[in-house]
Amino acid sequence: MKNLVAILLVGMLSISAFAQEKVAKIEFKTDVIDYGTIQKGADGVRVFEFTNTGTAPLIVSKVTSTCGCTVPKKPEKPILPGEKGQIEVKYDTQRVMPIRKTITVLSNADTPTVALKIKGEVVD
């Protein structure tokens, strides 16, 4: 009886050691968008594209920017494994100045925090 219990215990430990945990992974096409030189009042919307390369649904819980001049928009639904998603960023091009902003993405991915950057210059 003791041998049977020991064999079952070792078997269960072996199975659990080889079982892989499902995890979401977020891979961005690029982590920097360069607006270049744009005119005051030009279209300030750009899109960061990403893919969930993991084995679990990816949930983007929060997307923030370093100032109010940049408004990010996160996906509302989970991104299933293998599917693509996007984060839309709108910069206020009424401000004539260089663009150097960071957008922080929080999710349930294996790397839970990702920093994206936008750069460029708005001219009059």
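Computed from a predicted model, the values in this text were never measured in an experiment.
- For the atom pair E121 CD and D34 CG, the distance stands at 11.0 Å (nearest 0.5 Å).
- Residues passing the side-chain hydrogen bond (donor to acceptor under 3.5 Å, both in side chains) test with D92, sequence neighbours excluded: R95.
- Within 6.0 Å of NZ in K90 there are 12 or fewer heavy atoms belonging to other residues, nucleotides or ligands.
- Side-chain contact between T104 and L106 is present, with at least one heavy-atom pair separated by less than 4.5 Å.
- T93 places a side-chain N or O within 3.5 Å of a backbone atom of A42 that can act as its donor or acceptor partner.
- The two atoms that bring P81 and G54 nearest to each other are CB-O, 3.3 Å, heavy atoms only.
- The closest donor-acceptor contact from the side chain of T55 to the backbone of V23 lies under 3.5 Å.
- Side-chain contact between V122 and Y91: present, with at least one pair of heavy atoms (C-beta onward) separated by less than 4.5 Å.
- Under 4.0 Å is where a charged nitrogen must lie from a carboxylate oxygen, and between K73 and E88 no such pair does.
- Figure legend: cation-pi geometry between R46 and Y35, with NZ or CZ positioned under 6.0 Å from the six-membered ring centre and within 45° of its axis.
- Smallest separation of non-hydrogen atoms from T51 and G82: CG2-O, 4.1 Å.
- Taking both residues in full, the closest heavy atoms of I79 and G85 are given as CD1-CA, 4.1 Å, listed atom of the first, atom of the second, then distance.
- When all heavy atoms of P57 and P78 are compared, the pair lying nearest together is CB-CB, 4.2 Å.
- Hydrophobic clustering (ILVMFWY, side-chain heavy atoms < 4.5 Å, transitive): V71 and L116 are in distinct clusters.
- Both V89 and M97 sit in one connected hydrophobic cluster of ILVMFWY residues. Membership requires side-chain heavy atoms under 4.5 Å apart, directly or through other members.
- The line from CD1 of I33 to CD1 of I99 is 11.0 Å long, rounded to the nearest 0.5 Å.
- For the pair D124 (side chain) and Q39 (backbone), a donor-acceptor distance under 3.5 Å is absent.
- In this structure, I26 CD1 and N52 CG are separated by 8.0 Å, a value rounded to the nearest 0.5 Å.
- P75 pairs in a side chain to side chain contact (heavy atoms under 4.5 Å, CB included) with only one of the listed residues (V60, I59, L58), which is V60.
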(message) Could you go through T53 and K25, starting from their C-alpha distance and side-chain angles, then the distance that decides it, and tell me whether this counts as side chain to side chain donor-acceptor pair (under 3.5 Å)?
(response) CA-CA 5 Å; T53 59; K25 292 184 182 184; over 6 Å; no

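- The CD atom of Q94 sits 12.5 Å away from the SG atom of C69 when rounded to the nearest 0.5 Å.
- Legend: disulfide (SG to SG under 2.5 Å) pairs involving residues 90-124, not counting sequence neighbours: none detected.
- R100 pairs by the salt bridge (charged side-chain N to carboxylate O under 4.0 Å, His left out) definition with nothing, not counting sequence neighbours.
- Between F50 and the options I87, V114, T30, a side chain to side chain contact (heavy atoms under 4.5 Å, CB included) holds for only I87.
- Distance check, rounded to the nearest 0.5 Å: CD1 of I118 to OG1 of T70 gives 4.0 Å.
- Nearest heavy-atom pair across A24 and A56 is CB-O, 3.6 Å.
- For the atom pair NZ (K117) and CZ (F48), the distance works out to 10.0 Å, reported to the nearest 0.5 Å.
- The main-chain N or O of T113 is never found under 3.5 Å from a side-chain atom of T111 such that the two would form a donor-acceptor pair.
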